[in-house]
Amino acid sequence: MSAGLVVSNLSAGYGDVSVLADVSLSAEVGLITAVIGSNGAGKTTLLRSLSGLLKPRQGSIRIGEAELSGAKALDFVNAGIAHVPEGRRLFAGMTVEDNLLMGAFARAAAPAELRQDIDRIYAMFPKLAERRRQDAVSMSGGEQQMCAIGRGLMSRPRVLMIDELSLGLSPVAVDFLVEALKTISGDGVGIVVVEQDVAVALDLAQHVVVMDRGRVSKAGSSSEIAEDRAIRAAYLGVD
Ligand SMILES: Nc1ncnc2c1ncn2[C@@H]1O[C@H](COP(=O)(O)OP(=O)(O)O)[C@@H](O)[C@H]1O
Ligand SMILES: [Mg+2]
């Protein structure tokens, strides 16, 4: 059995509105999975369901042996799922370091262990080390994304999910984040990234899931998706 995240036949929505229908996908530990699809396709709703913020109507969400569908958000964190939300949602009025520490809220970790984890994040993102005493939301978008990813890593996740990695960030910041995520994945963390820039998604991920109106319309290796004519026409503007 996979130690990663396995989602089967998931349906979810808001009130009377159905958004996700019959979504199945898996995210292996140590691999990067990109979720692409147009605005309103249900990508954010999917990540909210996979982090326990939205209760699914149907289907299964498993990580390792644990069934999480219907569980609380805290259970998802404890099971090894970390969620970096769209817009990053850092805590304003708190320093970079305190934001990172917030990511460890569910862990019963000794201070020395937390220090080690924070130092590892500073080694990966030296900009955060320079700004550790600064209000987190005073930083650039790219630096805030580093902080949000670092906060996610502080829960020591098996699977890290990021909603809109590159949105609004400079190309230089995006390149840096892409390399960092490849390193994090190489360390054995599964990564699910929602990414509106398909070229970035194809560079970053080994596996790509395409969503359309709440369903998975296509899934495959990034080279398969990169060669798909319909995808090229719709998302890359080439035919
Ligand atoms: N809180 C909400 N209440 C009702 N409908 C919502 C809510 N959030 C999103 N939706 C609807 O769900 C659909 C999918 O939205 P979303 O998951 O945000 O898509 P994406 O992230 O792919 O742009 C859209 O039609 C959107 O209007
Ligand atoms: Mg979204």
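Computed from a prediction, not measured in an experiment: that's the story for all the values here. Counting starts at 1 for both ligands and their atoms, following the listed order.
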Enquirer: Strictly below 4.0 Å, N to O, side chains only: are E28 and R158 in salt-bridge contact?
Expert: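 Looking at R158 together with E28, the answer is no, because their closest N to O distance does not fall below 4.0 Å.
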Enquirer: So that I can tick it off, tell me whether R107 and D117 are bridged by a salt bridge, with the cut-off set at under 4.0 angstrom between side-chain N and carboxylate O.
Expert: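 Salt bridge present between D117 and R107.
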Enquirer: Grab the two heavy atoms, one from G214 and one from V23, that are nearest each other, plus how far apart they are.
Expert: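 Closest approach of G214 to V23, heavy atoms only: O-CG2, 3.4 Å.
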Enquirer: For R89, does the CZ atom sit with more than 12 other heavy atoms under 6.0 Å from it, leaving out its own atoms?
Expert: no
Enquirer: Could D203 and K182 be called an ion pair, given the rule that one side-chain N must be under 4.0 Å from one carboxylate O?
Expert: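 Yes, this pair counts.
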Enquirer: Quick one, list the residues around ligand 1 where some non-hydrogen atom comes in under 4.0 Å, by chain and residue number.
Expert: Y14, V19, S38, N39, G40, A41, G42, K43, T44, T45
Enquirer: Taking both backbone and side chain into account, is any N, O or S atom of N39 nearer than 2.8 Å to the Mg ion (ligand 2)?
Expert: no
Enquirer: Using 4.0 Å as the upper bound for N to carboxylate O, is an ion pair formed by E97 and R115?
Expert: yes
